[in-house]
Amino acid sequence: DALKSFVGSADEATLFKVTPKFRLQSEGERVHIGDKISFKNISTKHFVHSDPKYPVGEKRYEINGSHSTTGFKVLQYQSFSSIKEIEEIMNGGEIIRLFSKECDGYLMVA
């Protein structure tokens, strides 16, 4: 029962809720480097799902919408010392959009 994922314009189908992968954390808690999180689509209630056993290229994986969760590990993209001012800290339960610069659009599950 997987749903197709594609890139589209910003609307409700592109909104995802950041949820903790494990029950050790709860919504509202800060997300830290190394945490496992999932992305739940607001409109379809499906999770962003990927199976690393089936790559579609070198270090490229297909994603879809599924009731099965995939844990994504939070990695540090930029050194903390290079950030001059932290405007916002991401917490579990927050709503986000995932933007693909390569495709010039937002991830959508429908």
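Predicted, not measured: the structure shown is a model, and the values here were computed from it.
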So how far is it from [X] [atom1] to [Y] [atom2], rounded to the nearest 0.5 Å?
X   : Y   : atom1 : atom2 : value
I37 : T69 : CD1   : OG1   : 12.0 Å
L98 : L15 : CG    : CG    : 10.0 Å
H49 : Y61 : NE2   : OH    : 13.5 Å
F16 : S43 : CZ    : OG    : 8.0 Å

Within residues 38-51 or reaching into it, pairs that qualify as salt bridge (Lys or Arg N to Asp or Glu O under 4.0 Å) - sequence neighbours excluded: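 Residue pairs with at least one partner in residues 38-51: there are none.
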
Which pairs pass salt bridge (Lys or Arg N to Asp or Glu O under 4.0 Å) with one or both residues in residues 7-17, sequence neighbours excluded?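 Every pair satisfying salt bridge (Lys or Arg N to Asp or Glu O under 4.0 Å) with a residue in residues 7-17: K17-E27.
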
Minimum heavy-atom distance between [X] and [Y], given as atom pair plus value:
X   : Y    : answer
F47 : S38  : CD2-CB, 3.9 Å
S9  : Y106 : C-CD1, 4.2 Å
N41 : A13  : ND2-O, 2.9 Å

Tell me yes or no: between the side chains of N64 and S66, is some donor less than 3.5 Å from an acceptor?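 The criterion, which ignores hydrogens and geometry beyond distance, is not satisfied for S66 and N64.
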
Contacts of [X] that satisfy side chain to side chain donor-acceptor pair (under 3.5 Å) - sequence neighbours left out:
X   : answer
T70 : none
T19 : none
D35 : Q25

Pairing residues for F72 by the ring-ring contact (aromatic ring centres under 6.0 Å, His included) criterion, not counting sequence neighbours: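 Testing F72 for ring-ring contact (aromatic ring centres under 6.0 Å, His included), a comparison that skips the adjacent residues, returns F39.
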
Quick one: which of V31, I95, V74 gives a side-chain contact (heavy atoms from CB on, under 4.5 Å) with V18?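 The option that passes is V31.
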
